[in-house]
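Atoms within a ligand are numbered from 1 in the order they appear, just like the ligands themselves.
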Amino acid sequence: MTRLLVINPNTARAMTGLIGRTARAVAAAGTVVDAVGNAMGPESIESHYDEALAVPGVLAEIRRGGYDGYVIACFGDPGLDAAREIADGPVIGIAEAAMHTATLLGRSFSVVTTLSRTIGRARDLVHRYGFERACSGFHACDVPVLEVEAARKPLFEACARAAESDGCDVLVLGCAGMAGFCAEFSAELRVPVVDGVSAATKLAESLIALGLKTSDRGEFAPPPPKRYSGPLSTFGTQ
Ligand SMILES: NC(=O)NC1=NC(=O)NC1=O
């Protein structure tokens, strides 16, 4: 039995429900998926400020432990590197998972995200993960995160615009709330459309099945023990 914890870094219960359904729809028969929303922080993540304040709650879930692997289900991959230092199993971010998956399906991929202001973060992640050559463009549907599940038209238009203008082989959906549109958009646009929640779930399962977890040599070794004070005092690593 494999146990995965899929963490929604925002506090929107409906989105946590969608994320859990998406992960369970692709999980293997022997995998138990628990989906959890953030106990504190923003109701959606649409800015650097939102992202920064979502991280403590993500790390609190990782610190609880008890799973074979973890998925951080927000396209900014908030807290991914910090989570890898403390997790007792592999940690996969949905942006990283979607980008890796896209490169296995074509020469180029474009990212379609929510608000235009989140394009910068997606661009940073493309560089952080080394996909500069593979990524052919960034587009936004300009729909707020909490409305994206019901925003088929503007999201489809942004995907069609990306496929047309970038000539990309693959599309990557830049929000955990977009998962429900994958198959439909892929059929209509005749291009593979990758959802990060599904991709991250399967990648996490694969690493666990291979008996692999984050290296604890060097950069992702456990953090040096130290005291934490104020509202973060429970995060102390002593
Ligand atoms: N591009 C995005 O805005 N992504 C996201 N914001 C969230 O709150 N969850 C996401 O996946």
Best match, P78, A95, C74, A140: closest heavy atom to atom 5 (C) of ligand 1: C74
Check against side-chain contact (heavy atoms from CB on, under 4.5 Å), T118 and C175: CA-CA 10 Å; T118 67; C175 178; over 6 Å; no
Nitrogen or oxygen of G177 less than 3.5 angstrom from that of ligand 1: no
Ligand 1 versus T113: contacting region, heavy-atom distance under 4.0 Å: side chain
For F75, atoms of ligand 1 separated by under 4.0 Å from a heavy atom: 4 (N), 10 (C), 11 (O)
Aromatic ring pairing Y70/Y67, orientation class (parallel under 30°, perpendicular over 60°, tilted between): perpendicular
Interfacing atoms of ligand 1 (cut-off 4.0 Å, heavy-atom, C175): 4 (N), 5 (C), 10 (C), 11 (O)
Ligand 1 to A176 polar contact by distance, N or O atoms, under 3.5 Å: yes
Any N/O pair N10/ligand 1 closer than 3.5 Å: yes
Atom 6 (N) of ligand 1: nearest protein contact (heavy atom, Å): I45 O, 2.8 Å
Nearest-contact summary for atom 3 (O) of ligand 1 - protein heavy atom, Å: T114 OG1, 2.9 Å
Closest approach of any protein heavy atom to atom 1 (N) of ligand 1, naming residue and atom: G174 O, 2.8 Å
Validation row, ring centre H100 to ring centre Y129 under 6.0 Å: no
Contact check, M15 vs ligand 1, heavy-atom distance below 4.0 Å: yes
Sub-6.0 Å ring centroid separation between F156 and F185: yes
Worked check of side-chain contact (heavy atoms from CB on, under 4.5 Å) between M178 and T113: CA-CA 9 Å; M178 297 175 177; T113 184; 5.5 Å; no
